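What follows is a short report on a single structure.
Because the structure is a prediction, the values reported are computed rather than measured. Labels below follow one simple rule: chain letters A, B, ... track the order of the sequence lines, proteins then strands, and each chain is numbered from 1.
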Amino acid sequence: MKPTTPTISDSTLIVIAGPTGSGKTDLSVAIARHFHAPIISTDSRQVYRGMAVGSAQPSDEQLAAVPHYFIAGRDVTERFTCADFEREALALLDRLFAENKYVVAVGGSGLYIDALCDGLDELPDADPELRKELSDRLSAEGLEALAEELKRLDPIYYETVDRQNPARVLRALEVCLQTGKPFSSFRTGSKTKRPFRIIKIGVTMERTELYARIDRRVDAMMEQGLEAEARALYPFRALPSLQTVGYREMFAHFDGEYGLGRAVELIKRNSRRYAKRQLTWFNRDPSIRWFHPSETDAIIRHIVSPGV
RNA sequence: GGUGCCAUAGCUCAGUUGGUAGAGCAACGGACUGAAAAUCCGUGUGUCCCUAGUUCGAUUCUUGGUGGCACCA
């Protein structure tokens with residue numbers, strides 16, 4: 001009989017995805033405790049300090065119960081992108097899997113999850129100066145002019161890109177100008193095989209239940225001091241990290257655009273819409289197995305024997 | 001109890017001189033590669049309160065109900 005020496009392929013990343021307010025955090029702590037696993041967050045906003053309430057970071061008790069990574073480790077003024085996340089998370093997993101068979105990854109940012117599980121293409125990071133220049137040109141010349149330039153520099157991507165989406169057109173143009181090569185030449189569309197097993201759990205429920213939970217959670221955030229938190233972050237309101245549901249509406253309220261009650265209403269509505277977009281993203285991933293957050297036992301069984 | 005007004009999408013309402021209807025908001029569906037809680041695209045989802053008439057045809061006109069609001073008692 002051969003000795004069963006542990007190899008890296010025994011390592012398992014338990015990915016927990018789902019819309020905002022679905023109960024991912026509580027579930028992740030329960031799963032992590034059961035499998036004695038640390039938790040890494042795949043949430044693009046919970047990485048920042050000072051956003052504990054509005055981004056629904058895990059509670060102090062939860063943070064004390066299980067080691068967490070990528071929670072409140074960055075200043076809101078720092079740039080932190082999906083590529084930074086991929087690099088750092090992979091390096092971290094290397095270390096964590098040296099001592100743990102299981103690691104839990106939980107969060108609502110679909111792009112971060114895909115970056116971690118499948119890898120991003122080798123693209124250059126954004127150049128802030130070029131980006132500024134392009135966004136100035138966007139307001140001066142209009143989107144159509146920039147799309148025309150993209151047509152010249154990368155006719156292939158121009159055919160498939162959403163030409164009405166400034167973010168898409170600008171990013172492609174940015175890469176073309178920065179590298180002198182068409183954006184499409186970097187897009188392989190291939191997935192990187194990771195040196196660990198991946199099991200994806202999706203958390204969801206009836207829309208009416210989800211929306212009721214979102215409403216309740218927004219009310220809870222208000223009780224926990226969202227207004228004061230947003231007040232403290234107001235000077236940073238123009239930063240990418242603060243383009244976030246919960247804060248934007250509060251900032252607009254501080255600017256006198258509407259009353260506090262209206263702000264709370266809008267936070268609820270925009271959270272619902274965000275949840276909808278998350279579900280659209282996750283629904284196209286056939287490797288996700290969906291559960292109600294209360295089905296902890298079934299989820300554990302599925303992790304132990306995913307084939308069943 | 002009497003009189004008047006109202007009843008159309010989830011909500012607020014418009015409209016059809018009789019040919020089964022449309023705005024705003026909400027909602028729903030989708031896209032997504034270094035800003036992703038971002039950014040963008042698409043979609044009316046309807047016993048026109050019920051009933052019986054008139055009519056080729058009624059959400060629209062008439063009868064009788066039901067519910068709501070207002071005023072008078």
### Task
Please determine, for the side chain of Thr280(A), which listed nucleotide (rC28(B), rU33(B), rG30(B)) has the closest atom?
rG30(B)
### Query
Is there a donor-acceptor pair closer than 3.5 Å between any side-chain N or O of Arg213(A) and the backbone N or O of Gly21(A)?
yes
#### Entry: Check: Ser41(A) main-chain N/O paired with Tyr69(A) side-chain donor or acceptor under 3.5 Å
no
### Task
Classify the side chain of Arg168(A) and the base of rA38(B) as holding, or not holding, a donor-acceptor pair under 3.5 Å.
yes
### Message
So Ser271(A), base contact, sugar-phosphate only, or nothing? Heavy-atom distance under 4.0 Å.
### Response
nothing
### Query
What does Arg207(A) touch in the nucleic acid at a heavy-atom separation under 4.0 angstrom: a base, only the sugar-phosphate, or nothing?
sugar-phosphate
### Query
Relative to Tyr247(A), does Arg237(A) satisfy both conditions: NZ or CZ under 6.0 angstrom from the six-membered ring centre, and within 45 degrees of the ring's axis?
no
### Query
Looking across every strand, which nucleic acid part, if any, lies under 4.0 Å from Asp43(A) by heavy atom: base, sugar-phosphate, or nothing?
base
### Task
Just call it for Gly54(A): base, sugar-phosphate, or nothing, with non-hydrogen atoms closer than 4.0 Å on any strand.
base
### Complement of rA36(B), any strand, by Watson-Crick or G-U distances under 3.5 angstrom
none
### Query
Of the nucleotides rG34(B), rU39(B), rU33(B), which one has an atom closest to the side chain of Asp121(A)?
rU33(B)
### Message
A cation-pi test, strictly: NZ or CZ of Arg163(A) under 6.0 Å from the centre of the six-membered ring of Tyr158(A) and no more than 45 degrees from its axis. Yes or no?
### Response
yes
### Task
Report yes or no: is there a donor-acceptor pair, N or O only, under 3.5 Å between the side chain of Arg131(A) and the base of rA35(B)?
yes
### Query
Under a 4.5 Å cut-off applied to non-hydrogen side-chain atoms, are Ile14(A) and Phe35(A) in contact?
yes
### Message
Below 4.0 angstrom, which residues in residues 134-150 of chain A have at least one non-hydrogen atom near RNA chain B?
### Response
none
### Task
Return no unless some side-chain N or O of Arg45(A) is found under 4.0 Å from OP1 or OP2 of rA36(B).
yes
### Query
Is Tyr112(A) touching bases, backbone alone, or none of the nucleic acid, heavy atoms closer than 4.0 Å?
sugar-phosphate
### Summary
Out of rA36(B), rU39(B), rA35(B), minimum distance to the side chain of Ser109(A) belongs to rA36(B)
### Task
Report which part of the nucleic acid Tyr48(A) touches: base, sugar-phosphate, or nothing (heavy-atom distance under 4.0 Å, all strands).
nothing
### Between rU55(B) and rU20(B) - C1' atom distance, rounded Å
16 Å
### Message
With a 4.0 Å limit, can you tell me whether Tyr274(A) has a side-chain N or O closer than that to the phosphate oxygens OP1/OP2 of rU39(B)?
### Response
no
### Task
Could you tell me whether the side chain of Asp255(A) and the main chain of Glu257(A) form a donor-acceptor pair under 3.5 Å?
no
### Query
Who is the Watson-Crick or G-U wobble partner of rU20(B), with both distances under 3.5 Å?
none
### Summary
Assign each of Arg248(A) and Glu174(A) the nucleotide of RNA chain B bearing its closest heavy atom; nearer the 5' end lies the nucleotide of Glu174(A)
### Task
Tell me what Ala83(A) touches on the nucleic acid: a base, only sugar-phosphate, or nothing, going by heavy atoms under 4.0 Å.
base
### Query
Quick check: does any side chain N or O of Arg49(A) sit under 3.5 Å from a backbone N or O of Gly73(A), one acting as donor and the other as acceptor?
yes
### Message
If you only use heavy atoms from C-beta on, which nucleotide in rA35(B), rA38(B), rG29(B) is closest to the side chain of Lys276(A)?
### Response
rG29(B)
### Summary
Using Watson-Crick geometry (N1-N3 plus N6-O4 or O6-N4) or G-U wobble (N1-O2, O6-N3), each under 3.5 Å, rG42(B) is paired with rC28(B)
### Query
By a strict heavy-atom criterion of less than 4.0 Å, which residues belonging to residues 230-246 of chain A are in contact with RNA chain B?
Gln243(A), Thr244(A), Val245(A)
### Query
Contact class for Arg273(A) (heavy atom, under 4.0 Å): base, sugar-phosphate, or nothing?
sugar-phosphate
### Query
Are Val103(A) and Ile31(A) in one and the same hydrophobic cluster, where Ile, Leu, Val, Met, Phe, Trp and Tyr link if side-chain heavy atoms are under 4.5 Å apart?
no
#### Entry: Closest to side chain of Trp281(A), choosing from rG34(B), rU39(B), rA36(B)
rA36(B)
### Message
Measuring from the side chain of Leu123(A) (C-beta onward, heavy atoms only), which nucleotide among rG34(B), rA27(B), rA38(B) has the closest atom?
### Response
rG34(B)
### Message
When you group the ILVMFWY residues by side-chain heavy-atom contacts below 4.5 Å and let the links chain together, are Leu13(A) and Leu120(A) in the same group?
### Response
yes
### Message
Test of understanding: clusters of I, L, V, M, F, W, Y form through side-chain heavy atoms closer than 4.5 Å, transitively. Do Phe282(A) and Ile201(A) belong to the same one?
### Response
no
### Residue that, paired with Ile299(A), satisfies side chain to side chain contact (heavy atoms under 4.5 Å, CB included) out of Thr296(A), Asp297(A), Ile303(A)
Ile303(A)
